[in-house]
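The chains referred to below are lettered A, B, ... by the order of the sequence lines, with proteins before strands, and numbering in each begins at 1. Owing to the predicted nature of the structure, the values given are computational and were not obtained by experimental measurement.
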Amino acid sequence: MKRTHHCGELQAENIDEEVVVNGWVQSTRDHGGVIFIDLRDRSGIVQCVFNPEIQPDAHTIAQEARNEWVLAVRGPVRRRPEGTENLKLDTGLVEVVGQRIEVLNAAKTPPFGVDDAEPEELTRLRYRYLDLRRPRMANNLKLRHEVTKSVREFFYAEGFYEVETPMLWKSTPEGAREFVVPSRLVPESFFVLPQSPQLCKQLLMVAGVEKYFQIARCFRDEDSRADRQPEFTQIDVEMSFVDQDDILDTTERMCAQIMKQSLGVDVPLPFPRYTYAEARARWGSDKPDTRFAMELVDVSDIVQNSGFKVFQNAVASGGQVKALNAPGCASYTRKDIDDLIGLSKQFGAKGIASWALGESEIKSQVAKFLTKEQMQGIFERVGAQTGDLVLAVADTPEVVAESLGRIRLEMGKRLEMIPDGAWDFHWVVDFPLFGWNDKEHRYDPMHHPFCAPNPDDIQLLKDGYNTDTEPGHRDHPWGKVRATLYDLVLNGYEIGGGSIRTHRRDLQELVFGAIGLDFDHAKERFGFLLEAFEYGAPPHGGIACGLDRIIAIMARSDSIRDVIAFPKTATFTCPLSGAPTPVDRKALDELHIATVPMAV
RNA sequence: GGACCCGUGGUCUAGCCUGGUUUAUGACGCCGGCCUGUCAAGCCGGAGAUCGCCGGUUCAAAUCCGGUCGGGUCCGCCA
């Protein structure tokens with residue numbers, strides 16, 4: 001019995017048509033006489049009726065059917081009797097009168113039902129094919145399909161080439177830990193799986209592709225997080241003869257298109273752009289969640305001459321004191337505040353000063369160190385009123401941003417200040433080119449060594465070679481060089497990042513020098529790319545967007561595992577297949593690999 | 001490498017803090033029976049758990065303690 005219709009599409013206009021539907025048993029209701037079977041396929045659910053007096057053979061088989069059996073049902077579609085329509089079902093006006101029924105496949109009783117409460121994640125992953133039958137997960141798969149389709153259509157229409165790049169690639173020393181693949185034909189040598197197609201896409205620019213994109217699988221063997229998997233997918237883009245604005249503009253329009261086509265949401269263009277410095281200052285983050293206000297406010301000038309040593313010293317040593325206002329939190333207990341202090345300590349803060357603005361008094365552990373005027377000045381600046389709680393951190397700008405930024409997020413969450421259904425896209429631009437590596441006592445590239453400096457800061461880059469200032473000091477020119485580096489942020493998550501690349505040797509040497517890499521040494525590591533650049537590299541730049549995370553946000557899921565068909569656990573195992581497993585000794589011998597048992 | 005949370009029939013869950021009258025709660029599912037219009041069908045009955053594992057404390061441990069395994073979250077790491 002080959003199907004003629006999908007379950008979910010049967011409507012009033014199909015009445016009196018003879019149809020065949022195929023699908024899984026969603027539920028059965030046996031009334032002793034008449035039996036109802038809800039049959040489900042990808043399109044939806046339709047009710048099939050079996051009457052023992054009219055079709056005894058079909059009724060007998062229907063009696064046997066259990067949840068998740070796979071059935072074919074044939075019969076006419078008819079309007080449901082008056083009063084028995086089910087408005088909860090899209091097909092609820094009609095039903096299929098089951099005249100014939102064929103069991104395409106019986107099924108074991110499933111470990112969990114498609115309609116049940118969500119099982120533990122391990123159980124879901126063990127039986128992922130059942131988990132994916134659940135409506136939430138089936139919708140996520142569908143959403144992912146629609147988004148990737150929309151992405152492809154966008155780039156095709158914009159004249160991009162879709163190019164595949166190798167999965168078997170070359171190991172590079174820095175960056176993320178790599179997955180290693182042994183070579184059989186070249187003994188004792190290994191491929192690695194690509195962390196990203198970064199170098200390949202730049203080679204494609206040298207090759208003259210001009211506009212490249214790929215929905216690319218990437219691999220990183222780093223410890224997991226809720227939004228990290230050992231393999232993940234990027235929307236990878238690179239363009240030639242463009243500047244930063246061209247890339248931002250293209251990316252924005254791509255985002256607008258997927259939001260429109262997949263969710264029907266209109267996202268206003270262009271996206272707001274904040275500089276890195278502004279984002280850190282106002283929200284304490286380089287991926288700020290700007291869906292709610294509660295900004296960090298600098299009160300250093302008010303408290304620098306206060307009697308409180310912690311404030312004094314922080315400002316005197318080049319640090320700062322910043323505060324934020326938590327509305328309505330004056331009733332916070334000592335323990336509530338200790339919890340926040342604990343949180344802030346995770347991010348380097350030594351503590352939090354707080355003022356609870358009660359009806360009659362101000363409760364604060366630092367009240368005695370500050371004058372009334374000083375406190376009043378703080379409250380005014382952060383906009384605090386009676387009933388509010390003011391929190392302040394004094395430290396280096398980095399620690400203040402990190403810790404108070406996290407406190408801000410925590411308070412935003414607790415106070416339910418984050419509006420539901422907001423789609424807050426924005427850019428963070430003008431990142432510094434280098435970050436100071438205190439351990440190694442040198443500058444490291446913030447992104448990767450081919451990220452171009454901001455053209456306005458090239459003089460700073462040169463100045464860095466002729467300065468008396470200590471490297472790492474906040475006045476060192478290299479610490480001030482901005483990069484042509486941009487991050488795309490959605491609802492407080494970094495969903496993409498890219499840069500304009502350096503394509504000229506003279507500039508590249510300046511950058512390499514700053515990170516303590518001489519050109520010849522660099523050639524050993526990136527030789528093939530540098531060599532390619534000597535044969536006419538066009539100016540180029542690009543971006544990579546984290547597809548899994550974008551879809552997870554669109555699906556309102558906390559974990560990217562929910563938008564990946566077959567994800568791995570936090571320890572990078574697959575409960576469904578059992579991977580990873582040992583392989584045959586013979587296979588290892590062929591690969592010239594000896595294994596060493598783990599030390600106990 | 002470090003910190004924290006979780007682990008009770010097939011599934012979800014109560015009990016754990018404050019150890020003992022609980023034969024370990026309830027729901028879904030499963031099995032049997034009844035029932036001709038339900039749709040999370042209903043009603044009656046039944047089976048199903050040595051409370052992840054190991055050890056300790058105690059007269060007594062699902063409950064307290066230590067370890068271990070598994071799952072999850074975060075820091076480090078990672079763009």
Could you check whether Gln229(A) gets within reach of a base, just the sugar-phosphate, or nothing at all, counting any heavy atom under 4.0 Å? nothing
Can you check the Trp69(A) CH2 to rC30(B) C1' distance for me, whole Å? 14 Å
For residues 339-348 of chain A, please give each side-chain donor-acceptor pair under 3.5 Å, one per line with the distance, not counting sequence neighbours.
unit_1: Asp339(A); atom_1: OD2; unit_2: Lys335(A); atom_2: NZ; d: 3.4
unit_1: Ser344(A); atom_1: OG; unit_2: Ile341(A); atom_2: O; d: 2.7

Hey, does the side chain of His31(A) come within less than 4.0 Å of rU38(B)'s phosphate (OP1/OP2), counting only N and O? no
Answer with base, sugar-phosphate or nothing: what part of the nucleic acid does Ser27(A) contact at a heavy-atom distance below 4.0 Å? sugar-phosphate
Run Arg128(A) and Glu121(A) through salt bridge (Lys or Arg N to Asp or Glu O under 4.0 Å) and show every step you take. CA-CA 10 Å; Arg128(A) 190 60 159 181; Glu121(A) 192 154 11; 5.6 Å; no
Roughly how far apart, to the nearest Å, are rA27(B) and rA40(B) at atom C1'? 12 Å
Polar atom pairs between nucleotides 2-11 of chain B and protein, under 3.5 Å, N or O only, would you list them?
unit_1: rG10(B); atom_1: O2'; unit_2: Pro111(A); atom_2: O; d: 2.8
unit_1: rU11(B); atom_1: O4'; unit_2: Pro111(A); atom_2: O; d: 3.0

Parallel, tilted or perpendicular, judged at 30° and 60°: which one describes the rings of Phe179(A) and Phe219(A)? perpendicular
What is the distance, rounded to the nearest whole Å, between atom CD of Gln47(A) and atom P of rA40(B)? 10 Å
Residue mapping more 5' on RNA chain B - nearest nucleotide basis, Thr28(A) or Phe36(A): Phe36(A)
Applying salt bridge (Lys or Arg N to Asp or Glu O under 4.0 Å), can you list everything that pairs with Arg80(A), at least two apart in sequence or on another chain? none
Partners meeting salt bridge (Lys or Arg N to Asp or Glu O under 4.0 Å) with Arg228(A) (sequence neighbours left out): none
On a whole-Å scale, what distance lies between the C1' atoms belonging to rC64(B) and rG19(B)? 7 Å
In whole angstroms, how far is the P atom of rG52(B) from the CZ atom of Arg126(A)? 20 Å
For nucleotides 73-79 of chain B, 5' to 3', base contacts (B), sugar-phosphate-only contacts (S) and non-contacts (-) with protein non-hydrogen atoms under 4.0 Å give SSBBBBB
Whole-Å distance between rC12(B) C1' and Arg124(A) CZ? 13 Å
Output all residues satisfying side chain to side chain donor-acceptor pair (under 3.5 Å) with Asp249(A), sequence neighbours left out; order by chain, then residue number. Arg253(A)
Which of these nucleotides, rC39(B), rG71(B), rG37(B), is closest to any side-chain atom of Val49(A)? rG37(B)
With the threshold set at 4.0 Å, does a side-chain nitrogen-carboxylate oxygen contact exist between Arg561(A) and Asp548(A)? no
Inter-nucleotide C1' distance (rG29(B), rG46(B)), Å rounded: 14 Å
Spacing of the P atoms in rU11(B) and rG76(B) (rounded, Å): 36 Å
Residues in salt bridge (Lys or Arg N to Asp or Glu O under 4.0 Å) contact with Arg78(A), at least two apart in sequence or another chain: Glu95(A)
Compare side-chain N and O positions of Thr569(A) against OP1 and OP2 of rG71(B) and report whether any pair is under 4.0 Å apart. yes
To check you understand the geometry: which heavy-atom pair defines the closest contact between Phe512(A) and Pro449(A), and what is its length? CE2-CB, 3.8 Å
Ala138(A): which residues meet the side chain to side chain contact (heavy atoms under 4.5 Å, CB included) condition with it, sequence neighbours left out? none
Sequence neighbours excluded, every pair satisfying salt bridge (charged side-chain N to carboxylate O under 4.0 Å, His left out) that has a member inside residues 190-202 of chain A: Lys201(A)-Asp236(A), Lys201(A)-Glu238(A)
Assess, by modelled atom type and distance only, whether the side chains of Gln26(A) and Asp115(A) contain a donor and an acceptor separated by less than 3.5 Å. yes
Where the side chain of Asn67(A) is defined as all heavy atoms beyond and including C-beta, which of rU38(B), rC39(B), rG29(B) is the nearest nucleotide? rG29(B)
Under 4.0 Å between a side-chain N/O of Thr573(A) and OP1 or OP2 of rG70(B), yes or no? no
Starting the side chain at C-beta, find the nucleotide from rG29(B), rC39(B), rG37(B) nearest to Arg29(A). rC39(B)
Figure out the CZ/C1' separation between Arg40(A) and rC39(B), and round it to whole Å. 15 Å
Take the protein atom CD of Glu68(A) and the nucleotide atom P of rC30(B), then report the distance between them rounded to whole Å. 11 Å
When Gly32(A) and Arg66(A) are each assigned the nearest nucleotide of RNA chain B, the 5'-most assignment goes to Arg66(A)
C1' atom, rG37(B) versus rC30(B): distance in rounded Å? 26 Å
Complement of rG7(B), any strand, by Watson-Crick or G-U distances under 3.5 angstrom: rC69(B)
Have Thr165(A) and Gln214(A) got a donor and an acceptor in their side chains that come within less than 3.5 Å? yes
Under the 3.5 Å rule, do the base of rG37(B) and the side chain of Glu85(A) count as making a donor-acceptor pair? no
Within the 4.5 Å heavy-atom criterion, are Leu125(A) and Thr569(A) side-chain neighbours or not? yes
Test your reading of the model: is there a side-chain donor-acceptor pair from Glu178(A) to the backbone of Asp221(A), 3.5 Å cut-off? no
Quick one: list whatever passes salt bridge (Lys or Arg N to Asp or Glu O under 4.0 Å) with Arg133(A), sequence neighbours left out. Glu68(A)
Please state the C1' separation for the pair rC69(B) and rC53(B) - nearest whole angstrom. 7 Å
With rounding to the closest Å, how many angstrom separate the C1' atoms on rU13(B) and rU73(B)? 22 Å
In terms of side-chain geometry, is the basic nitrogen of Asp395(A) or Lys350(A) positioned less than 4.0 Å from the acidic oxygen of its partner? yes
Using atom C1' of each nucleotide, how far apart are rA47(B) and rC4(B) to the nearest Å? 40 Å
Nearest whole angstrom, please: distance from the P of rC39(B) to the CD1 of Ile35(A). 16 Å
Just to confirm, is there a sub-4.0 Å distance from OP1 or OP2 of rC30(B) to any side-chain nitrogen or oxygen of Lys108(A)? no
For every nucleotide of nucleotides 42-48 of chain B, 5' to 3': is a protein heavy atom under 4.0 Å from its base (B), only from its sugar-phosphate (S), or from neither (-)? -------
N/O contacts under 3.5 Å, protein versus nucleotides 14-16 of chain B?
none

rC28(B) C1' sits how many Å from Arg134(A) CZ, rounded? 14 Å
